[in-house]
There are 2 protein chains.
Amino acid sequence: MTQDVDLARTSGDDTLGRLAADRDLLGRAGTAQRVAEVLRDRIAEGALPPGTRLSEQALGAALGVSRNTLREAFRTLVDNRLVVHEMNRGVFVRMLDPDDVTDIYAVRRALEGTGLRAVCTAPPERIAALHAAVAGGEAAAELGDWAEVGTADLRFHRALVALAGSPRLDEYMTRLIAELRLAFLAMPSARALHEPFLRRNREIVDLLAGGDFDGATVVLDRYLDDACEMICAAMRMDGA
Amino acid sequence: MTQDVDLARTSGDDTLGRLAADRDLLGRAGTAQRVAEVLRDRIAEGALPPGTRLSEQALGAALGVSRNTLREAFRTLVDNRLVVHEMNRGVFVRMLDPDDVTDIYAVRRALEGTGLRAVCTAPPERIAALHAAVAGGEAAAELGDWAEVGTADLRFHRALVALAGSPRLDEYMTRLIAELRLAFLAMPSARALHEPFLRRNREIVDLLAGGDFDGATVVLDRYLDDACEMICAAMRMDGA
DNA sequence: CTTGTGGGATTGTTCAACAATAGCCTAACC
DNA sequence: GGTTAGGCTATTGTTGAACAATCCCACAAG
């Protein structure tokens, strides 16, 4: 039935490479890592709001894992800054203050600015991803799907960083966005949060397409300043 | 004997703030965290060279901690990219390849460039730290203490990033340097690694003092390009 | 209103156990 | 000869229970 061929030699296509990429998607992850991912998702979607105490006993029972495994998962979440660990008190979903948000946006300026400066050396498919993200956001806005507008916005800015072609910068950005979601949760509506910035993203890609890098940088910096200020204002409102 | 005053109200000086800063220095760390720090140090100094397998039983016995605690420490080291975890095989001290080094230096360009651009808004004591690090490196070179030249060099570049005033960028840089030490271990001599760059650091601070930011950026980029190429060349030599 | 003082719950850490897996060795086989 | 199959051993993955240390809270005393 099956042909007796040597897979490693005959693959003119990149079958092996693609298989290897799938490896980590399936089973290949330990329990602790999967628990960390579940908690990451639940925190991001607001099911575990900032300030929530993550009881080892309760969570362990709910997820069906032992306390030791759970504690391993906590370690990675602490390193991701999604939870804080207070000695002999437990771990809590992180609560961001305006200083945190300000610093996060300072890092975004550094990361996204680096991507922007690398646009002239970036491969065309990365530029295309930029345009696709903006178009996706506009289409979602047309439909009134403001949650999708938000993810498209973040996809755009992640694609901006990806222009630099650095795996580590990409990971910084991914983690930064996960952290930023903690602040988004404090915002009243997804529409008010993302709609004002649709136009800015369009402006940036258009300026880039026209070769006006300095203009794009100015718009990007204004975007980040305004977004930061908007979130900080909402946080001060909410806290008082 | 003691005056009966309310500490919280009467502190014209910032006694409370300084006390709070001391809190984390004292005992306030769990076993796992301390174990992670010990392993970090041993890896940085080369006592646990890249590729070394970190046996849970052997390390646990040596450090006098249980396997569970050790595994918690491993998680943070994995997140710091100092070790790699292979499922059902164990954790190994990370081995960097030239691609890793290239990416690390790409991130350094982004981080240190960000600091450099922020020099005009940085407080004077941060500028002073810059000059102090360069002077310290030159003094150590005078004495032939090449290890100290190396730490002064890293102190200078960390101070460069600190100009941006961002805690997160500072932490990125700290972790990046810890990772970079894995590559330094492959270099034959500390002198060959650091001596050529003493002059560049001096150039950078002098150009900055003169207000020539673009010139400083050029020298910095050349520094990073050359250092990266030097290390990659040594790695290719060593690997073959 | 502040200062002890229990009691109860939770975390910090260890230990022992078992299942699952990787690595190695041997033997059989074409 | 080289390759494949099977089995053994050491190590990791994960769990459960145990105990000490610590924090929180309620309550009493000054």
Side-chain angles (χ1 to χ4, degrees), chain A residues 2-10 20 23-24 26-39 48 51-79 82-94, chain B residues 1-10 16 20 23-24 26-39 48 51-79 82-94:
Chain A
T2 61
Q3 294 222 354
D4 186 11
V5 294
D6 187 336
L7 185 56
R9 287 170 199 280
T10 60
R23 178 175 45 188
D24 51 342
L26 213 43
R28 245 20 217 171
T31 308
Q33 188 168 331
R34 251 173 303 157
V35 168
E37 272 155 30
V38 168
L39 293 178
L48 298 170
T52 306
R53 176 151 166 279
L54 301 180
S55 156
E56 295 184 355
Q57 179 176 345
L59 264 185
L63 293 171
V65 300
S66 76
R67 278 180 62 212
N68 289 319
T69 301
L70 193 55
R71 286 170 66 86
E72 282 189 41
F74 283 164
R75 289 278 167 190
T76 76
L77 293 179
V78 168
D79 278 329
L82 294 181
V83 305
V84 292
H85 183 162
E86 297 182 23
M87 190 64 166
N88 285 317
R89 291 200 358 103
V91 314
F92 303 80
V93 179
R94 181 105 180 275
Chain B
M1 294 298 192
T2 60
Q3 295 223 354
D4 186 10
V5 295
D6 186 334
L7 184 56
R9 287 168 199 283
T10 59
L16 269 62
R23 177 176 44 186
D24 51 343
L26 212 45
R28 266 353 235 176
T31 309
Q33 189 168 331
R34 251 174 302 156
V35 168
E37 273 154 29
V38 168
L39 292 178
L48 297 171
T52 306
R53 175 150 166 279
L54 301 180
S55 156
E56 295 184 355
Q57 177 176 347
L59 264 185
L63 293 170
V65 300
S66 75
R67 280 182 60 210
N68 301 85
T69 301
L70 194 55
R71 286 171 65 88
E72 281 189 41
F74 283 165
R75 288 278 166 190
T76 77
L77 294 180
V78 168
D79 279 329
L82 294 180
V83 305
V84 291
H85 182 162
E86 297 181 22
M87 190 64 167
N88 285 315
R89 289 196 3 100
V91 314
F92 302 80
V93 179
R94 180 102 181 278

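Chain A is the first sequence line, chain B the second, and so forth, proteins listed ahead of strands; every chain is numbered from 1.
Taking atom CD of B/Q33 as the reference point, atom P of C/dT11 lies 18 Å away to the nearest angstrom. Distance NE2 (A/H85) to P (C/dT11): 9 Å, rounded to an integer number of Å.
The rotation axes computed at either terminus of the helix from C/dC1-D/dG30 to C/dC30-D/dG1 lie 30° apart, taking five pairs at each end and rounding to 10 degrees.
Scanning all heavy atoms of the two residues, the minimum distance from B/R94 to B/V84 falls at CD-CG1, 3.4 Å. Listed here is the closest heavy atom pair of A/S55 and A/A58: OG-N, 3.1 Å. Taking every heavy atom of both residues into account, A/F74 and A/V83 meet most closely at O-CG2, 4.2 Å. The two residues A/A32 and A/E72 have their closest heavy-atom pair at CB-CB, 3.8 Å.
The NE2 atom of B/H85 sits 6.0 Å away from the CZ atom of B/R75 when rounded to the nearest 0.5 Å. Note: B/L59 CG to B/L39 CG = 6.0 Å, rounded to the nearest 0.5 Å. Taking CG of B/L82 as the reference point, atom CG of B/L54 lies at 10.5 Å (rounded to 0.5 Å). Here A/R71 contributes atom CZ and B/N68 contributes atom CG; the two are 9.5 Å apart, rounded to the nearest 0.5 Å.
Residues meeting the salt bridge (Lys or Arg N to Asp or Glu O under 4.0 Å) test with A/R53, sequence neighbours left out: none. Evaluation of the side-chain contact (heavy atoms from CB on, under 4.5 Å) rule for A/V65 yields A/T31, A/V35, A/L63, A/T69, A/L70 as partners, not counting sequence neighbours. Taking A/A36 as the reference, A/R40, A/A73, A/T76, A/L77 meet the side-chain contact (heavy atoms from CB on, under 4.5 Å) condition, with sequence neighbours excluded. With sequence neighbours excluded, the residues forming a salt bridge (Lys or Arg N to Asp or Glu O under 4.0 Å) with A/R67 are A/E56, listed by chain and number.
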Restricting to nitrogen or oxygen on both sides, can you table the protein-nucleotides 6-8 of chain C pairs closer than 3.5 Å?
none

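Within 6.0 Å of atom CD in B/E37, more than 12 heavy atoms from other residues, nucleotides or ligands are found, so the atom counts as buried in its surroundings.
OP1 or OP2 of C/dT11 has at least one side-chain nitrogen or oxygen of A/R53 nearer than 4.0 Å.
With a heavy-atom cut-off of 4.0 Å to chain A, the contacted part of DNA chain D has its first and last nucleotide at D/dT14 to D/dC24.
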*How would nucleotides 14-23 of chain C be written as a contact map, 5' to 3', with B for base contact, S for sugar-phosphate-only contact and - for no contact, using protein heavy atoms under 4.0 Å?*
BB-B---SSS
